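Below, all heavy atoms of this structure are taken into account, side chains as well, without hydrogens, waters or symmetry copies. Bear in mind that the values here come from a model prediction, so they are computed numbers and not experimental data.
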Amino acid sequence: MVLEPQAVGVTVAYPQLTVSSDGTRSVAHLDLAVWNCLGDQAPADPAAADCRRVLAEFADLGSPDLQVTRTSDGLQLSGTFATYTRPNGSAPVYTGRSYPLEVQVEDATGGPTGTLRLGSGAATVVPPGELVG
């Protein structure tokens, strides 16, 4: 998904979200594989599209800032994630960027399905994974 348009090209991210809950409190961890690309869209394979890999960004958000709502067929999660990097495996360095994130997940036969919205971009939720109720 396009994370941010640039003067020449776009910064794209390929998000991975993990969520855990004890039934009372929840926490989500967001991994963003980030690339700078010369095109105006996120390519399916950024390496093959000659995009340049930049530092991955991460974010963590827990209850109560992470909103988790059970729906009739799954879950809806939302919150604003402040991102950080870990240059050369160092301690977190916050980027000063925050992204609103919303995920609607349905528990389907082949695993979770749904949509992840990050800022103005959207991506399809793909397995692996499972919803444990």
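- L55 has its side chain out of reach of V34: every pair of non-hydrogen atoms, C-beta onward, lies at least 4.5 Å apart.
- In terms of heavy-atom proximity, P92 sits nearest to R86 at CG-NH2, 3.4 Å.
- A donor and an acceptor atom, one from each side chain of Y84 and D60, are located under 3.5 Å apart.
- The backbone N or O of N36 sits nowhere less than 3.5 Å from a side-chain atom of T11 that would complete a donor-acceptor pair.
- Remark: Q67 CD to T80 OG1 distance equals 10.0 Å, nearest 0.5 Å.
- Note that CG of L61 is 10.0 Å distant from OG of S98, once rounded to the nearest 0.5 Å.
- Contact annotation: the side chain of W35 never approaches that of P43 to less than 4.5 Å [non-hydrogen atoms, C-beta and beyond].
- The backbone N or O of S90 sits nowhere less than 3.5 Å from a side-chain atom of N88 that would complete a donor-acceptor pair.
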Chi angles and distances behind the side chain to side chain contact (heavy atoms under 4.5 Å, CB included) call for L38, D50: CA-CA 8 Å; L38 292 176; D50 288 332; over 6 Å; no
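- Nearest heavy-atom pair across L66 and V27 is CD2-C, 3.9 Å.
- Around the CD atom of Q41, the shell of radius 6.0 Å holds no more than 12 heavy atoms that belong to other residues, nucleotides or ligands.
- No chain of hydrophobic side-chain contacts below 4.5 Å, direct or via other Ile, Leu, Val, Met, Phe, Trp or Tyr residues, connects V2 to L32.
- Both Y14 and V10 are part of a single hydrophobic cluster, where members link through side-chain heavy atoms under 4.5 Å apart.
- Atom OG of S26 sits about 7.5 Å away from atom CG of L77, to the nearest 0.5 Å.
- Ring geometry, F58 versus H29: the interplanar angle falls under 30°, so the pair is classed parallel (tilted spans 30 to 60°).
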- prompt: Can you list the steps and then say if D31 with L17 is a side chain to side chain contact (heavy atoms under 4.5 Å, CB included)?
  reply: CA-CA 6 Å; D31 281 342; L17 182 71; over 6 Å; no
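- Taking the side-chain contact (heavy atoms from CB on, under 4.5 Å) definition, one finds that R97 meets it with E4, E57, T83, T95, Y99, sequence neighbours left out.
- The shortest distance between side-chain heavy atoms of P15 and L30 falls below 4.5 Å.
- More than 12 heavy atoms of other residues, nucleotides or ligands sit less than 6.0 Å from atom CZ of R53.
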- request: Run the numbers on T71 and Q104 for side chain to side chain donor-acceptor pair (under 3.5 Å), then give the verdict.
  value: CA-CA 9 Å; T71 63; Q104 294 179 343; over 6 Å; no
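- Taking every heavy atom of both residues into account, P87 and V93 meet most closely at CD-CG2, 3.9 Å.
- Side-chain heavy atoms closer than 4.5 Å link hydrophobic residues (I, L, V, M, F, W, Y) into clusters, and following such links, possibly through other members, connects V103 to V19.
- Cluster membership for V12 and F81, using ILVMFWY side-chain heavy atoms within less than 4.5 angstrom, is not shared.
- Taking all atoms of both residues into account, the shortest heavy-atom contact from A56 to T85 is O-CG2, 3.4 Å.
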